[in-house]
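The structure appears right after this line, and notes come after that.
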Amino acid sequence: MNGRNPTAERSPRWQAFYEVVAQIPHGMVATYGQVASLAGYPGCARQVGYALAGMPEGLDLPWHRVINARGQVSPRTWTKLHEFQQVLLEREGVAFKGVRLDLKRYRWQPEGS
DNA sequence: ATTCTGACTTGGG
DNA sequence: CCCCAAGCCAGAA
């Protein structure tokens with residue numbers, strides 16, 4: 001199913017997810033679970049993907065920098081956006097090894113650690 | 001109110 | 001490395 005913009009704006013959780021995604025630096029990536037935790041909602045990884053699906057088009061978010069824990073772009077069910085997503089990442093200098101990328105190398109680590 | 005589904009994660013085998 | 005079950009939230013029927 002697809003998202004609806006209105007719900008995104010009245011849901012504080014989705015709002016928090018967007019805030020985190022917006023902070024992912026160029027050339028780096030974060031997993032859904034990571035975004036969820038940083039947003040203050042650990043365990044809600046699924047909701048992150050759900051929120052991004054309903055992301056307003058006007059919103060300028062680096063949604064392509066969010067991938068799954070396996071280090072690969074999550075395939076969409078009804079669209080080919082995953083292909084586009086990989087292109088966008090490669091364009092930022094992220095190298096894919098087949099369908100995956102090296103998470104240890106490209107994973108975003110906020111504020112030292 | 002109940003059921004199903006989805007851009008997921010994690011732990012075990 | 002792969003596959004499976006459970007947990008998770010929100011929206012649609």
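To find a chain, count down the sequence lines: A is the first, B the second, and so on, and within it residues start at 1.
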Worksheet item: Between atom CG of A:Leu103 and atom CD1 of A:Ile67, what is the distance when rounded to the nearest 0.5 Å?
Response: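 It is 4.5 Å, given to the nearest 0.5 Å.
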
Worksheet item: Is there any side chain to side chain donor-acceptor pair (under 3.5 Å) pair reaching into residues 85-103 of chain A, and which pairs are they, with sequence neighbours excluded?
Response: A:His64-A:Glu92, A:Arg65-A:Glu92, A:Arg76-A:Gln85, A:Gln86-A:Glu90

Whole Å only: how far is the [atom1] atom of [X] from the [atom2] atom of [N]?
X: A:Leu52; N: B:dA7; atom1: CG; atom2: P; value: 11 Å
X: A:His82; N: B:dG6; atom1: NE2; atom2: C1'; value: 16 Å
X: A:Leu81; N: B:dG6; atom1: CG; atom2: C1'; value: 15 Å
X: A:Gln47; N: B:dG6; atom1: CD; atom2: P; value: 14 Å
X: A:Leu38; N: B:dC8; atom1: CG; atom2: P; value: 18 Å
X: A:Trp14; N: B:dG6; atom1: CH2; atom2: P; value: 15 Å
X: A:Gln72; N: B:dA7; atom1: CD; atom2: C1'; value: 12 Å

Worksheet entry | A:Phe84 with A:Met55, same ILVMFWY side-chain cluster at under 4.5 Å |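 In one cluster with A:Phe84: A:Met55, yes.
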
Discussion item. Please tell me whether A:Leu88 and A:Leu59 are part of a single hydrophobic cluster in this structure, the criterion being side-chain heavy atoms less than 4.5 Å apart.
Written reply: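 Same cluster.
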
Practice prompt. Could you tell me how the ring of A:Phe17 sits relative to the ring of A:Tyr41: parallel (under 30°), tilted (30 to 60°) or perpendicular (over 60°)?
Written response: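 A:Phe17 vs A:Tyr41 ring planes: perpendicular.
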
Could you list, one pair per line, each protein nitrogen or oxygen that sits under 3.5 Å from a nitrogen or oxygen of nucleotides 9-13 of chain B, together with the distance?
unit_1 : atom_1 : unit_2  : atom_2 : d
B:dT9  : OP1    : A:Ala69 : N      : 2.6
B:dT9  : OP2    : A:Ala69 : N      : 3.0

Fill in: C1'-based separation of B:dG6 from C:dC8 [nearest Å]
12 Å

Worksheet item: For DNA chain B, which residues in residues 83-98 of chain A have a heavy atom at a distance below 4.0 Å?
Response: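 Here the set is empty: none.
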
Item to complete: Not counting sequence neighbours, which residues clear side chain to side chain donor-acceptor pair (under 3.5 Å) with A:Ser74? List them please.
Response: A:Asn68

Could you pull out all donor-acceptor pairs under 3.5 Å where a side-chain atom in residues 24-33 of chain A meets a protein atom, sequence neighbours excluded?
unit_1  : atom_1 : unit_2  : atom_2 : d
A:Thr31 : OG1    : A:Gln34 : N      : 3.1

Worksheet, complete the sentence: Closest heavy-atom pair, A:Ala45 versus A:Ala36, reported as atoms and distance to 0.1 Å, is N-CB, 3.8 Å

Fill in: A:Ala51 backbone acceptor or donor facing A:Tyr18 side chain under 3.5 Å
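Here the side-chain-to-backbone pair exists.
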
